[in-house]
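Lettering of chains follows the sequences in order, A, B, ..., and the numbering in each one begins at 1.
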Amino acid sequence: MSGQKKEFPITWGMVIDIDKCTGCGACMASCQTENNVEPQRDASNKLRSTSWMTVYELTNGKSYPDHDIAYLPRPCQQCGNPPCVSVCPVIATEKNENGGIVSQVYPRCIGCRYCVAACPYHVRYFGWFDPVWPEGMEKTLSPLTSVRPRGVVEKCSFCHHRWTLAKDAARAAGKDPEDLADGAYVTSCVQNCPSGALAFGDLKNPKHKVHELIKSPYAYRLLERLGTDTQVYYISRREWVRKLGDNYLKSE
Amino acid sequence: MSFSEIEKNWYPEGVERCSLGKFMKWLAVLGVVALYGFFAMLVCFTYGLGVTGLDNYFGFGLWITFDLAVIALGAGAFFTGLLRYIIRIDELKNIINLTVIKGFICYSGAMLILSLDVGQPIRSWFGYWHPNVHSMLTEVIFCITCYLMVLIIEYVPLILEQKQINKIPFLHNLAHQMHVVMPLFAGIGAFLSTFHQGSLGGMYGVMFARPYAFRDGFFIWPWTFFLFVLSAISTGPCMTVLICGFMEKVTGRKLTTYRIKSLMCKIGGTMLLIYMVFKYLDTWAWINDILPRAGLTFDQMFYGLVYGRWLFFTELVICLLVPVIFLLTPLRKKPFFMYSGAILACAGVVINRYVFTVQALAQPVLPFTKWEIYSPNWAEWATSLMVIAYGFIIMSLSYRYLPIFPQEVGLNKK
Ligand code: SF4
Ligand code: SF4
């Protein structure tokens, strides 16, 4: 059984050009600070540390001189048909009307981690311990995002507080908040990517760059055949990179 | 009169029990295990689930496996209740009390573990208050709670039948009245229980982005819904027989006839055969349809020892085909084969719940991720053992003071 796909007039999406990504990790760091992700006490265990945006290293598995690597930044894919949403027993996560962004309501979540089991992209993180900010570091907390208690699941939200700010700014300027100009709302990782590998916008709006980008013959999405219908697109001109976006049988 | 003399008056009519001192020692050993688990539970509540071996890859681990296995094995209660009260297989009255207590222990124990396993236990009631009707887990939450209540209602008259309590006219009548309405509760229990056994399976089957667990199905239910029901009702009666056999070994007394145990195993075996047919069909469809659709092969579902292929063959052959033969042929007349069959069937359901819980999450769906290994740590083991010790304590007390086995007196006449 798969969930039901909903359509949204505004569909925020991200396009990531893997060939431009240098794997610098600026997106990870900016996401971490923008969203008040707790400073990790021990980040050596990657299965326990929280990183809403993670950069994976891909390799073609060949040896020199044919060896090649690529970096794949991975936010929440904001699936159009999210496996995580239908399973949540308390509607703590939802695909609501907000630009197709999958929300996560921390005060509602009971921390059963069923959504973690259902999401194949490993984008959901559980609060294993109470968050602690070392003395003085609490000054870096952003007032725009809440701090999560332990025992709930959290994930990338496409910095949707920035959307609220952008809409407010549009209203103040007498413009239509439902028709933001390209770039009026971008996520923190997109803004801080030094190589311009990340782009963000309304996938349905012809005035936005991403609308064109996803039509590229080199564009693809992760695990497309599972039917999650994600709102994050990747671009690579290298075939082996594109091939790593999904599972293929030898005969295919 | 000394206390140990008084205590003798609490036993059911006409039975013998071990000395109070011996019983106390037995309880003390169990108590130590339970206390250690209780300590681990407090540590988890105080410091958070970070003290366990779980992580962001394995949100489900030993606890969920334990819960699912215990709930499946506890299924003897509802299914035997159904056969006894609704289908009216009268002979089962000799073992029904045991299955009720077993069911109560399994379900209350599972609830205890579940309260640990959610990150925000104080919010557990959100499951009733903000239910998501599309979530299989919501169905599980509702059904399990209701069913536990039914089990309590079924357990209470047993307690009221304790010799001293039964002397009070009001409680005596109450117990009698409750017995009269028991078929109704057996019916409700069977309904509720079928549903949540199914939804527990459905929980895995609906995860459409996890090809190891995902199954197509019938209407809103994936096949795992029906497979979990069938596997539970086939192993539940077997587990009851194992418990009964174990109690006979420990106490040195005969509690039911071999005939009853054999009948229970025959029922279990028949259900196991039906389960086997569907499980084989399901496995065939999984390998030839679901996996290729996801771009995966059968070989990619296994890795190393803990996720090895041996689990697959053990579950589907050694713990399914073999017990069906042991339990459904004349071999069942020999205790060795009957008990081995029951043990294998129960082991099979445990493996099944393990692979659906852990292996389904370990299997790398993203092509650039790799297999991860999960191993539970002391906090998870200690709390799970606590529940087992708790079960032993309840069972021991019930056996000592409640008239559970109607045949006990007759069978042990010198
Ligand atoms: S990527 Fe995972 S968390 Fe995000 S919407 Fe999809 S399934 Fe849900
Ligand atoms: S962990 Fe929270 S968001 Fe995830 S399924 Fe459970 S209650 Fe819902």
Pick whichever of [options] has the most heavy-atom pairs under 4.5 Å with chain A.
| options | value |
| --- | --- |
| B/Gly48, B/Pro367, B/Pro292, B/Gly59 | B/Pro367 |
| B/Phe58, B/Tyr204, B/Phe126, B/Trp129 | B/Phe126 |
| B/Leu361, B/Leu296, B/Leu114 | B/Leu296 |

Does B/Leu137 form a side chain to side chain contact (heavy atoms under 4.5 Å, CB included) with A/Val87? I'd like the steps, not just the answer.
CA-CA 7 Å; B/Leu137 190 51; A/Val87 300; over 6 Å; no

Non-hydrogen atoms of chain B under 4.5 Å away: do they reach the side chain of [X], the backbone, both or neither?
| X | result |
| --- | --- |
| A/Cys119 | backbone |
| A/Tyr248 | backbone |
| A/Leu58 | side chain |
| A/Leu222 | side chain |
| A/Val85 | backbone |
| A/Arg124 | backbone |

Answer with side chain, backbone, both or neither: which region of B/Pro211 has an atom nearer than 4.5 Å to a non-hydrogen atom of chain A?
side chain

What part of B/Leu54 is in contact with chain A, defined as an atom under 4.5 angstrom from a non-hydrogen atom: side chain, backbone, both or neither?
both

Does atom [atom1] of [X] have more than 12 heavy-atom neighbours, drawn from other residues, nucleotides or ligands, at distances under 6.0 Å?
| X | atom1 | result |
| --- | --- | --- |
| B/His130 | NE2 | yes |
| A/Glu252 | CD | yes |
| A/Phe8 | CZ | yes |
| B/Trp371 | CH2 | yes |

Hey, could you give me the [atom1]/[atom2] distance between [X] and [Y], rounded to the nearest 0.5 Å?
| X | Y | atom1 | atom2 | answer |
| --- | --- | --- | --- | --- |
| B/Asn56 | A/Ser49 | CG | OG | 7.5 Å |
| B/Tyr47 | A/Asp130 | OH | CG | 11.0 Å |
| B/Arg293 | A/Arg225 | CZ | CZ | 11.5 Å |
| A/Ile110 | B/Ile122 | CD1 | CD1 | 13.0 Å |
| A/Cys112 | B/Asp117 | SG | CG | 9.0 Å |
| A/Arg74 | B/Phe368 | CZ | CZ | 8.5 Å |

Taking all non-hydrogen atoms of both residues into account, name the closest pair between [X] and [Y] and its distance.
| X | Y | value |
| --- | --- | --- |
| B/Arg210 | A/Ala117 | NE-O, 2.7 Å |
| B/Asn132 | A/Ser86 | ND2-O, 3.3 Å |
| A/Pro89 | B/Ile141 | CB-CD1, 4.1 Å |
| B/Ala294 | A/Leu226 | CB-CD2, 3.9 Å |
| A/Tyr114 | B/Phe60 | CA-CZ, 3.6 Å |
| B/Glu372 | A/Leu47 | OE1-CD1, 3.6 Å |

So which of [options] has the biggest tally of heavy-atom pairs under 4.5 Å with chain B?
| options | answer |
| --- | --- |
| A/Pro149, A/Pro83, A/Cys84, A/Cys115 | A/Pro83 |
| A/Thr59, A/Val116, A/Leu244 | A/Leu244 |
| A/Cys88, A/Gly245, A/Ala92, A/Gly127 | A/Cys88 |
| A/Cys79, A/Ser251, A/Pro107 | A/Pro107 |

Check: [Y] and [X] side chains under 4.5 Å, non-hydrogen atoms:
| X | Y | result |
| --- | --- | --- |
| A/Val152 | B/Gln120 | yes |
| A/Arg113 | B/Val118 | no |
| B/Leu49 | A/Phe129 | no |
| A/Leu223 | B/Leu366 | yes |
| B/Val365 | A/His122 | no |

Regarding B/Asp55 and A/Trp128, is there a side-chain donor-to-acceptor distance under 3.5 Å anywhere?
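No.
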
